[in-house]
Colleague: 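Take this structure, written in structure tokens, and hold onto it; I'll ask about it next.
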Amino acid sequence: MTNSLCTCPLGVEIEICRIDLMARYRFRLNELGFREHERMRVIQKANFGGRVVAHGTDRIAIDGDTASHILVEVR
């Protein structure tokens, strides 16, 4: 089942399926480690639908609007 990142519950591991954003935004997310088939763990809910994810030893905060365009599958 595919969800957007902003609807994922806390503590789950996710795999990124698709990022539905313009190329310049996808490029920046790619620099941060958000790539298709990359696995991360949702660790915190932020205000207005945002999420904080753990990617290795990094913690990355994503705002709610951007998170709604990142389609993921819970693993």
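Residue indices begin at 1 and follow the sequence shown.
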Colleague: Does the distance from a Lys or Arg side-chain N to an Asp or Glu carboxylate O, for E13 and R39, drop under 4.0 Å?
Modeller: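 The answer is yes: the pair qualifies as a salt bridge.
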Colleague: Is any side-chain heavy atom of N30 closer than 4.5 Å to one of I19?
Modeller: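 With C-beta onward as the side chain, the pair stays apart.
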Colleague: Can you check whether L71 reaches N3 side chain to side chain, under 4.5 Å on heavy atoms?
Modeller: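 Side chain of L71 against side chain of N3, heavy atoms only: no contact under 4.5 Å found.
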Colleague: Quick check: closest heavy atoms across S68 and S4, and the distance to 0.1 Å?
Modeller: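 So the two residues come closest at O-CB, 3.5 Å.
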Colleague: Evaluate the criterion side-chain contact (heavy atoms from CB on, under 4.5 Å) for residue pair I16 and I70; output intermediate values, then yes/no.
Modeller: CA-CA 7 Å; I16 297 174; I70 300 173; 4.3 Å; yes
Colleague: May I ask you to test the K45-L10 pair for a side-chain heavy-atom distance under 4.5 Å?
Modeller: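 A side-chain contact exists here, since the closest heavy-atom pair is under 4.5 Å.
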Colleague: Rounded to the nearest 0.5 Å, what separates atom CZ in R18 from atom CD in E73?
Modeller: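 So the CZ of R18 and the CD of E73 are separated by 12.0 Å.
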Colleague: Under a 4.5 Å cut-off applied to non-hydrogen side-chain atoms, are D65 and F48 in contact?
Modeller: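 Heavy-atom side-chain distance check fails, nothing below 4.5 Å.
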Colleague: How close do A54 and R59 get, counting heavy atoms only, and between which atoms?
Modeller: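 Of all heavy-atom pairs spanning A54 and R59, the closest is CB-NH1, 3.4 Å.
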Colleague: Using a 4.5 Å cut-off on heavy atoms from C-beta on, say whether the side chain of C8 contacts that of V72.
Modeller: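 SC-SC contact between V72 and C8 confirmed.
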Colleague: Is V53 close to I43 at the side-chain level, that is, under 4.5 Å between some pair of heavy atoms?
Modeller: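 Result no, sub-4.5 Å side-chain heavy-atom pair not found.
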Colleague: Looking at side-chain heavy atoms only, is the closest gap between H55 and E38 below 4.5 Å?
Modeller: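 A side-chain contact under 4.5 Å exists here.
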Colleague: Minimum heavy-atom separation for G49 and C6, please, with both atom names.
Modeller: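 In terms of heavy atoms, the two residues are closest at O-CB, 3.2 Å.
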Colleague: Quick one: CD on E36 to CZ on R26, what's the gap to the nearest 0.5 Å?
Modeller: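 Separation between the atoms: 8.5 Å.
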Colleague: Just so I know, are the side chains of T66 and L29 near enough to count as touching, which here means a heavy-atom distance under 4.5 Å?
Modeller: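 Counting from C-beta outward, T66 and L29 do come under 4.5 Å.
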Colleague: May I ask whether L5 and M22 are part of the same hydrophobic cluster, defined by side-chain heavy atoms of I, L, V, M, F, W, Y residues being less than 4.5 angstrom apart, directly or through others?
Modeller: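 They do share one cluster, since a chain of ILVMFWY contacts under 4.5 Å joins L5 to M22.
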Colleague: Is it the case that one hydrophobic cluster holds both F34 and V12, taking links as side-chain heavy atoms less than 4.5 Å apart, direct or via other members?
Modeller: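 Yes, F34 and V12 fall within the same hydrophobic cluster.
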Colleague: Treating Ile, Leu, Val, Met, Phe, Trp and Tyr as nodes and any side-chain heavy-atom pair under 4.5 angstrom as an edge, say whether I14 and L21 lie in one connected cluster.
Modeller: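 Yes, same cluster.
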